[in-house]
2 protein chains.
Amino acid sequence: MPKESNGRTRIHDVARAAGVAIKTVSRALNNEPNVRQDTRERILETVKRLNYHPSLSARGLAGRRSYLIGLIYENPSANYLVDVQHGAMARCREGRFQLLMHQVSGRGEELERDVIGLIDQTGVDGLIVTAPLCQSNELIRTLDRREIPFVRMAPNKMRHRTPYADMDDEGAAYEMTAYLIGLGHRRIGFISGHPEHFASGQRLNGYRKALKAHRIAYRASYVRQGFFIFESGLDAARQLLAMPEPPTAIFASNDDMAAGVLMAAHEMGIAVPDQLSVAGFDDTYIARTVWPRLTTVHQPSYDLAYTAADLLLRVLSSQPAPKPVRLPYRLVCRASTGLTDDSDSHS
Amino acid sequence: MPKESNGRTRIHDVARAAGVAIKTVSRALNNEPNVRQDTRERILETVKRLNYHPSLSARGLAGRRSYLIGLIYENPSANYLVDVQHGAMARCREGRFQLLMHQVSGRGEELERDVIGLIDQTGVDGLIVTAPLCQSNELIRTLDRREIPFVRMAPNKMRHRTPYADMDDEGAAYEMTAYLIGLGHRRIGFISGHPEHFASGQRLNGYRKALKAHRIAYRASYVRQGFFIFESGLDAARQLLAMPEPPTAIFASNDDMAAGVLMAAHEMGIAVPDQLSVAGFDDTYIARTVWPRLTTVHQPSYDLAYTAADLLLRVLSSQPAPKPVRLPYRLVCRASTGLTDDSDSHS
DNA sequence: GGGCAAATTGACAACGCTGTCAAATCCATG
DNA sequence: CATGGATTTGACAGCGTTGTCAATTTGCCC
């Protein structure tokens, strides 16, 4: 005899209302086979009518899992993070999992301790590991040792049994560079990303390959080190634009740095895109809020995270090990790039 | 006789190793009274030695505690959200709680069902309710009925027993408006925030009071409805700037809309701050990435969230009911505002 | 050293769900 | 219409912890 002390609906209430045993409700809810179609529908309808939500704790206790998955990240730009978070969350909700966001700051051993702490304290069933954390061999080894399922998000160089979701950073950077070349640009500056991100190298590769394919000499002085943050883009652009023969276009490895380039241009009275074309990467919110709006590569952050979560959930349900997924990018041409009337261009 | 099938250490193992009953271990771990000092130490030492971590699921099911707190939000700008998230997270970590972010989209009954779903499913110990959700009387009533502890974040008009963290939006808007007036502006446009946010009204009040205090007539046509998003600021600014007698300054109720104002100005070839001063509100990341950098009001989002979490944790530990906390704001003067040389100004 | 209240400890029943396995029902076939 | 295998359903025992309440030990006084 159920007591209504709490006001909370329990599986028992649903079972009674639908005229079945609690186990049958459980089966219907968990998409298990061997429930007759009409029974299943009746139960699901009752569930909705009573606004029933199974308790994670009880499910976790009985099923020996926590229905919690952790997403660990380091220090991404806010816009990127929010996209990722919501993508992963969306998939978690569908699977009736909850997402625990977990920012780590340390390095090396401290990082490992931090992540182990998360695992031990929360009992997460699995982890989504974003770049650049998923490039740490130590971390990977630690997770392996603990036998905790995880997936990786964003490119990475390591071979490993775990699945991942990524995109073709090199191809995207190649295309963007080719696009700039197509606009007539020959002196194209490049601001690279944080050196610890594998994607940074990939994007630089794409830039270099595009130059090469179009027989434009690579000039090291046109490439500046950035760190994926606004200020680093600003600094790098100031330097590039102060050169005796400055670039007519600057391709920054993410939107935040591209916004920094725009600021440098504004400060120096350089018109964009008339005197300087600027391209970014990621297509986060910032690309649409700066002036002029940024031409950039759309990185499907939301979908990447959704996919990563999906892969993890598959691993957890011990379906056949899913394959890595590569999602498509897309060039988004806005107002920050244009034809160059640069007459110095040789070759 | 405990079986080790799972590999995971259970309270039973600790109890056996320490030579006590599981209940005593439970007591020691939860800092309950009535455990002899030496017993407690012996248990805690054993816990550490065996690397024991209690199961959240079991705790949540058996006790009244999940060590989870939920932060519910609707659709804030990414930069604001991330600040809030990290502020709340920081306090949660200190208290060994985990934070569950939960975005809601519905309205009315759907909203309530959504939140009930979170509570039922996760068994969160308490909730941080951000604006404008904390202004919904229905939601508040639902939470009360469920007797779930919660705190509110951001201003709100309702009297209620629960504590909250906020800032003086009206005072801040007053000061910003007065600052613009001090620069010589007499025709000051205002873009209000989303009408469902209490803060929107407060900020408008501050604007109006400042005008009044400086004997500047309030002109309804200078006030446009915005919705706290970039595009609404862009639209509103286009309208304001197309007026026969356009404002010489525009004060937007948040930074995203102020960025929209900047874009409108750029589109129309209006120089900022020479021909138009622009002020924002919040001092989120975007304020430093647009050109010119935004003069704005620094809202202590991180600290507000940290404080809200702190209040909630106090409520949960049933300390004497904490009082609401009001945090200070700060005017941040950057490059988007300047003196006006407007000669039309009368009075 | 006995007596008594307070402090400490323990036995056992929840908590709400899933896993296991047995019971009931269905359906095709002879 | 009986038979039997496949499908569907249900009864019941945990899952690992905390709450309740009873049992035991301790400390203090006479």
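Reminder, nothing fancy here: chain letters follow the sequence lines and each chain counts from 1.
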Are E94(A) and Y306(A) linked by a side-chain donor-acceptor pair shorter than 3.5 Å?
-> yes
L71(A) and L100(A), any side-chain heavy atoms less than 4.5 Å apart | no
How long is the line joining CZ of R42(B) and P of dT8(C), in whole Å?
-> 14 Å
Whole angstrom is fine here: how far is it from CG in L29(A) over to P in dT18(C)?
-> 7 Å
Is a donor-acceptor contact shorter than 3.5 angstrom present between the side chain of R27(A) and the base of dG10(D)?
-> yes
Just to confirm, is there a sub-4.0 Å distance from OP1 or OP2 of dC17(C) to any side-chain nitrogen or oxygen of S26(A)?
-> no
Where the side chain of A21(A) is defined as all heavy atoms beyond and including C-beta, which of dT17(D), dG16(C), dG10(D) is the nearest nucleotide?
-> dG10(D)
Under 4.0 angstrom between R36(A) side-chain N/O and dT8(D) OP1 or OP2 | no
Would you say S57(B) reaches dG16(D)'s phosphate, i.e. side-chain N/O to OP1/OP2 under 4.0 Å?
-> no
To the nearest Å, how far apart are L61(B) CG and dC15(D) P?
-> 13 Å
Less than 4.0 Å between a side-chain N and a carboxylate O, is that true for D13(A) and R10(A)?
-> yes
E110(B), CD: over 12 other non-hydrogen atoms inside 6.0 angstrom | no
Heavy atoms of other groups near E45(A) CD, more than 12 under 6.0 Å | no
If only side-chain N and O atoms of T39(B) are considered, is one of them under 4.0 Å from the OP1 or OP2 phosphate oxygen of dT9(C)?
-> yes
State plainly whether the residues R314(B) and D310(B) are in salt-bridge range, i.e. N to O under 4.0 Å.
-> yes
Please state whether the phosphate of dT18(C), meaning OP1 or OP2, lies under 4.0 angstrom from any side-chain nitrogen or oxygen of N30(A).
-> yes
CZ of R59(B) versus P of dT18(D): gap in Å, rounded?
-> 5 Å
Would you mind classifying the nucleic acid contact of Y52(A) as base, sugar-phosphate or nothing, using non-hydrogen atoms under 4.0 angstrom?
-> sugar-phosphate
State, to the nearest 10°, the angle formed by the axis through the first five base pairs of the helix from dG1(C)-dC30(D) to dG30(C)-dC1(D) and the axis through its last five.
-> 40°
Checking dT9(D), dT17(D), dC17(C) against the side chain of V35(A) (C-beta onward), the nearest is dT9(D)
Looking at every strand, decide which applies to R65(B) at a 4.0 Å heavy-atom threshold: base, sugar-phosphate, or nothing.
-> nothing
Just checking, is any N or O donor in the side chain of Q98(B) or Q121(A) under 3.5 Å from an acceptor N or O on the other one?
-> no
Name the closest nucleotide to the K23(B) side chain, picking from dG10(C), dC15(D), dA11(D).
-> dG10(C)
